[in-house]
Amino acid sequence: MILFLGLATGSKVAFVLYFFLIFVLRTMGKREIGELSLFDVAVIFIISEILSISISDPNKSILLSIIPIVVIVLLEIIISKICYKNEKIRDIIYGKAEILIINGKIDVNVMKKDRYNLDDLISHLHANNIASPLEVKFAILEANGKLTVFKKDSKILWPEPIIKDGKLIQSVVNKLNINLDKFNNELFKRGFNDYKDILICYLLENDLYIQKKMLTNKK
């Protein structure tokens with residue numbers, strides 16, 4: 001009888017925590033497992049350890065798990081909002097993408113910095129149906145460890161945007177030695193008087209890809 005009551009109590013706790021965990025993950029935002037950053041993975045591990053307290057000992061108050069998880073989720077949401085507005089903080093917490101291959105040439109310094117070996121690189125290229133780096137225009141090691149590959153037939157001139165969330169990315173301007181007067185004139189011809197009106201802008205070989213910011217009505 002005691003065993004039966006213990007199992008019943010444990011089942012109730014597991015039932016409540018199951019739906020609570022779904023709510024927590026939905027609150028944290030929609031991201032595929034492969035797109036989780038190291039920060040996200042650390043948060044999930046911590047949450048799983050806290051949940052184990054109530055699951056392993058159903059007689060303890062479920063609040064021992066719920067309260068600290070709520071605090072962690074609130075911190076995660078606050079940090080995410082800060083990172084959304086501040087690129088430098090975002091790079092520190094979530095990491096930054098690195099370009100491993102440019103026009104078929106492997107950047108050995110980047111590979112050493114990220115401790116990324118040739119076997120890993122070749123394996124990821126093969127997974128993308130690419131035989132060798134010669135076929136690659138850009139290969140980018142994303143912050144989550146995923147390798148993104150652009151083939152040489154891609155029209156994109158550089159894999160990083162020149163404008164992102166209304167801000168000119170000076171590092172791209174410097175890398176490509178862009179004449180800002182000509183660039184700004186081209187934007188003006190297309191009806192853009194301010195970078196703030198642009199959500200994202202990529203340089204193509206003979207064109208620009210521009211997505212305008214959608215205006216939202218503030219109440």
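All of these numbers come straight from a predicted model, not from anything done at the bench. When a residue number appears, it is its place in the shown sequence, counting from 1.
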Mind running side chain to side chain contact (heavy atoms under 4.5 Å, CB included) on Leu180 and Leu168 for me, showing each step along the way? CA-CA 10 Å; Leu180 282 180; Leu168 182 73; 3.9 Å; yes

Taking NZ, NE, NH1 and NH2 as the nitrogens, is one of them in Lys137 or Asp153 under 4.0 Å from a carboxylate oxygen of the other? no

Phe192 vs Ile210 side-chain heavy atoms within contact, under 4.5 Å: yes

Under 3.5 Å, is there a donor on one side chain and an acceptor on the other for Tyr195 and Asn184? yes

Are Ile122 and Ile140 co-members of a hydrophobic cluster defined by side-chain heavy atoms under 4.5 Å apart? no

Flag yes if Tyr202 and Ile169 sit in one hydrophobic cluster, no otherwise; membership is Ile, Leu, Val, Met, Phe, Trp, Tyr, and two members link when side-chain heavy atoms are under 4.5 Å apart. yes

Stepwise ring pair (Phe, Tyr, Trp, His ring centres under 6.0 Å) test for Trp158 and Phe138: CA-CA 8 Å; Trp158 190 253; Phe138 300 109; 5.5 Å; yes

Under the 3.5 angstrom rule, does the side chain of Asn128 hit a backbone N or O of Ile130 as a donor-acceptor pair? no

Quick one: does any side-chain atom of Asn177 pair with a main-chain N or O of Val173 as donor and acceptor, under 3.5 Å? no

For Glu142, check side chain to side chain donor-acceptor pair (under 3.5 Å) against everything at least two apart and list the hits. Thr148

Could you walk me through whether Val110 and Ile99 pass the side chain to side chain contact (heavy atoms under 4.5 Å, CB included) check? CA-CA 7 Å; Val110 172; Ile99 302 177; over 6 Å; no

Where the side chain of Asn179 meets the backbone of Asp181, is there a donor-acceptor pair that is under 3.5 Å apart? yes

Distance in Å, Asp107 CG paired with Ile102 CD1, rounded so as to fall on 0.5 Å steps: 6.5 Å

Search all heavy atoms of Ile50 against all heavy atoms of Pro68 and return the closest pair with its distance. CG2-CG, 3.8 Å

Minimal non-hydrogen separation, Ile156 against Ser154, with atom names: CG2-OG, 3.0 Å

Please round to the nearest 0.5 Å and tell me the distance separating atom CG of Asp120 and atom CG of Leu141. 9.5 Å

Taken to the nearest 0.5 Å, the spacing of Lys213 NZ from Asp194 CG works out to 9.0 Å

Stepwise side chain to side chain contact (heavy atoms under 4.5 Å, CB included) check, Phe188 with Glu186: CA-CA 5 Å; Phe188 182 76; Glu186 184 62 30; over 6 Å; no

Does a sphere of radius 6.0 Å around CG in Asn206 hold more than 12 heavy atoms from other residues, nucleotides or ligands, not counting ones at 6.0 Å or beyond? no

Could you check whether Lys152 pairs with Glu135 (Lys NZ or Arg NE/NH1/NH2 to Asp/Glu carboxylate O, under 4.0 Å)? no

With a 4.5 Å cut-off on side-chain heavy-atom distances among I, L, V, M, F, W and Y, is there a chain of contacts connecting Leu134 to Leu147? no

Approximate separation, where rounding is to 0.5 Å, of Glu160 CD and Ile200 CD1: 11.0 Å

To the nearest 0.5 Å, how far apart are CG in Leu121 and CD1 in Ile106? 5.0 Å

Pair Arg190 + Asp207, salt bridge at N-O below 4.0 Å: yes

Tightest non-hydrogen contact, residues Asn117 and Asp119, listed as OD1-N, 3.1 Å

Nearest 0.5 angstrom please: Lys167 NZ to Ile163 CD1, how far? 13.0 Å

Show your reasoning for whether side chain to side chain contact (heavy atoms under 4.5 Å, CB included) applies to Phe183 and Leu208. CA-CA 10 Å; Phe183 177 70; Leu208 294 174; 4.0 Å; yes

Greater than 12 external heavy atoms within 6.0 Å of Lys175's NZ: yes

Give the minimum heavy-atom separation between Ile198 and Cys201, together with the two atoms involved. CG2-CB, 4.0 Å

Donor-acceptor pair, distance only, cut-off 3.5 Å: does the side chain of Glu49 make one with the backbone of Phe45? no

Taking a hydrophobic cluster as the set of Ile, Leu, Val, Met, Phe, Trp and Tyr residues connected by side-chain heavy atoms closer than 4.5 Å, whether directly or through intermediates, do Leu125 and Val108 fall within one such cluster? no

Leu75 with Ile69, same ILVMFWY side-chain cluster at under 4.5 Å: no

Nearest non-hydrogen partners of Lys212 and Asp197, listed with the distance: CG-O, 3.5 Å

